[in-house]
Amino acid sequence: MTLYLAPLHGITYYNFRNCFTKHFHGIDCAITPFIAAQPKDKLNPKKLRDLFPENNTELHIIPQIMGNKPADIKETVAVLHETFGYHQFNWNIGCPMNQIVRKKRGCGVMPFPDLIEETVNEVCGKTDVRFSIKMRLGLHSPKEGLEILQRLAPYPIDFLCIHPRLGVQHYEGNVDLETFELFYQTTNHNIVYSGDINSVDFFMNLQQRFPKIENWMLGRGILQNPFLAEQIVQEYSNNTTRFIDFYHEYSQILISLKNEKAALCALKELWHYFAVLWKLNSEELKKILQMNDCHVFNNYLHKMINEAGK
Ligand SMILES: Cc1cc2nc3c(=O)[nH]c(=O)nc-3n(C[C@H](O)[C@H](O)[C@H](O)COP(=O)(O)O)c2cc1C
């Protein structure tokens with residue numbers, strides 16, 4: 001079994017990945033948050049810090065690319081392969097954000113199976129890398145996803161990472177496991193399942209229902225409970241001190257890299273998830289989100305975690 005850390009744009013960059021895997025176990029590899037596909041002459045790998053091999057010595061990563069032009073995607077893959085030596089790449093056709101979908105990127109690509117087939121043909125046929133796709137059930141309808149599975153059947157896709165919602169749903173409602181089952185039965189490609197794994201119980205239900213799946217992706221669930229991967233692989237020892245050590249180190253990294261205001265912003269985003277672990281009610285969460293001083297914010301939280309851990 002392989003456990004993937006989900007790409008979470010704005011959160012799971014290399015500093016987070018490194019600090020997280022230093023303090024918590026069980027994650028085997030990560031897909032990075034997306035970078036934009038570019039033609040060769042416009043791509044500047046020196047700016048892609050998140051992909052520098054020296055920044056990624058702790059965890060195996062698969063760079064993720066977003067775009068809708070087969071030639072740009074192929075060139076981006078080729079340049080990153082040559083510059084950084086990566087052998088695996090992932091194409092994001094699942095992002096549901098309106099401003100992205102409107103530009104026919106992310107999930108906006110899903111209604112265009114010709115474009116998808118052309119891209120896969122271009123990359124798999126003309127580069128020497130393993131190419132995977134991260135998708136949803138469709139943008140408007142699962143028919144789109146099923147059509148894509150048919151089209152991809154002859155190609156040597158590394159894996160299909162499937163999030164069982166439609167793009168128009170964003171993250172609302174429950175994951176649609178009935179329709180996902182149809183996808184599971186339709187494709188012979190390896191599947192990485194991604195969606196709502198927030199507890200060991202839900203994970204075990206999925207594992208029972210989809211026994212052929214060996215690859216699972218943890219996203220918001222592992223932010224809400226950083227011990228989740230350990231609980232899944234049964235190497236768990238709950239320890240408040242471990243969370244405090246992680247949080248302390250990561251907040252210091254953010255403060256040293258960004259100004260305090262930007263660090264506070266990034267930490268607040270994370271506390272939307274950590275609030276679940278520390279059982280903050282909406283009033284308590286609101287109170288911390290209103291704080292404007294990074295040190296006051298962190299001191300308050302350290303005190304709260306210490307008290308909760310006693
Ligand atoms: C804040 C946020 C940022 C995300 N960024 C990306 C991204 O850059 N690339 C991608 O393929 N998916 C992205 N996703 C989708 C996740 O990788 C994942 O598939 C989704 O959250 C469902 O899994 P989860 O319920 O385990 O979080 C993002 C999701 C969220 C909530």
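Read the numbers this way: they start at 1 and go in the same order the structure lists the ligands and their atoms. The structure displayed is predicted, hence computed values, not measured ones. Any value given below was found using the heavy atoms of this structure, including those in side chains, with hydrogens, waters and symmetry copies removed.
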K.L.:
Any side-chain donor-acceptor pair under 3.5 Å between S237 and N239?
P.N.:
no

K.L.:
In terms of residue, atom name and distance, what is the protein heavy atom nearest to atom 23 (O) of ligand 1?
P.N.:
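Result: S194 OG, 3.4 Å.
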
K.L.:
What residue and heavy atom of the protein are closest to atom 8 (O) of ligand 1, and at what distance?
P.N.:
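Ranked first by proximity to atom 8 (O) of ligand 1 is F34 CD2, 3.2 Å.
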
K.L.:
Please verify the inter-ring angle class for F20 with F16; under 30° counts as parallel, over 60° as perpendicular, anything in between as tilted.
P.N.:
parallel

K.L.:
If you measure only the distance, is there a donor-acceptor pair under 3.5 Å linking the side chains of Y14 and E58?
P.N.:
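Absent: no donor and acceptor within the cut-off.
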
K.L.:
Between G219 and ligand 1, does any nitrogen or oxygen pair lie at a separation below 3.5 Å?
P.N.:
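Yes, since at least one N or O of G219 sits under 3.5 Å from an N or O of ligand 1.
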
K.L.:
In terms of side-chain heavy atoms, does Y13 have a donor or acceptor partner in N55 at a distance below 3.5 Å?
P.N.:
no

K.L.:
Checking contacts here: is it the side chain or the backbone of L8 that comes within 4.0 Å of ligand 1, counting heavy atoms only? Could be both or neither.
P.N.:
both

K.L.:
Any idea which protein heavy atom is nearest atom 6 (C) of ligand 1, and the distance to it?
P.N.:
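For atom 6 (C) of ligand 1, the nearest protein heavy atom is P7 O, 3.0 Å.
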
K.L.:
Starting from L137, can I reach I93 by hopping between I/L/V/M/F/W/Y residues whose side chains sit under 4.5 Å apart?
P.N.:
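Per the 4.5 Å side-chain linkage, I93 and L137 are co-clustered.
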
K.L.:
Taking 4.0 angstrom as the limit and counting only heavy atoms of Y171, give me the atoms of ligand 1 inside it, by number and element.
P.N.:
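Checking each atom against Y171, I get 14 (N), 15 (C), 20 (C), 21 (O), 28 (C), 29 (C), 30 (C).
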
K.L.:
Answer yes or no for G195: is there a heavy-atom contact with ligand 1 below 4.0 Å?
P.N.:
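Heavy atoms of G195 do come under 4.0 Å of ligand 1.
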
K.L.:
Output the list of atoms in ligand 1 that are nearer than 4.0 Å to some heavy atom of D196, sorted by atom number.
P.N.:
24 (P), 25 (O), 26 (O)

K.L.:
Could you tell me, atom by atom, which parts of ligand 1 come under 4.0 Å of a heavy atom of A6?
P.N.:
17 (O)

K.L.:
List every atom of ligand 1 that sits less than 4.0 Å from any heavy atom of H163, numbering the atoms from 1 in the order shown and giving each element.
P.N.:
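This gives 22 (C) as the contact atoms.
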
K.L.:
Testing L160, L146, L182 one by one against T187 for a side chain to side chain contact (heavy atoms under 4.5 Å, CB included), which residue passes?
P.N.:
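Answer to the side chain to side chain contact (heavy atoms under 4.5 Å, CB included) test with T187 among L160, L146, L182: L160.
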
K.L.:
Cation-pi check, R136 to Y171: give yes when NZ or CZ is under 6.0 Å from the six-membered ring centre and within 45° of the ring axis, no otherwise.
P.N.:
yes

K.L.:
Counting heavy atoms only, name the option from M97, R136, R220, M217 that's nearest to atom 27 (O) of ligand 1.
P.N.:
R220

K.L.:
Considering only the protein, which heavy-atom contact is closest to atom 12 (N) of ligand 1, and what is its distance?
P.N.:
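In this structure, atom 12 (N) of ligand 1 has K134 NZ, 3.0 Å as its nearest protein heavy atom.
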
K.L.:
Taking the six-membered ring of F246 as reference, does the cationic atom of K22 (NZ for Lys, CZ for Arg) lie under 6.0 Å from its centre and within 45° of its axis?
P.N.:
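No, K22 does not sit over the ring of F246.
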
K.L.:
I'd like the name of whichever of H9, Q64, Q224 reaches closest to atom 9 (N) of ligand 1 through any heavy atom.
P.N.:
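Answer by nearest heavy atom: Q64.
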
K.L.:
Using a 4.0 Å cut-off to any heavy atom of N92, which atoms of ligand 1 qualify?
P.N.:
9 (N), 10 (C), 11 (O)

K.L.:
Does one side chain, of Q38 or N44, offer a donor that lies under 3.5 Å from an acceptor on the other?
P.N.:
no

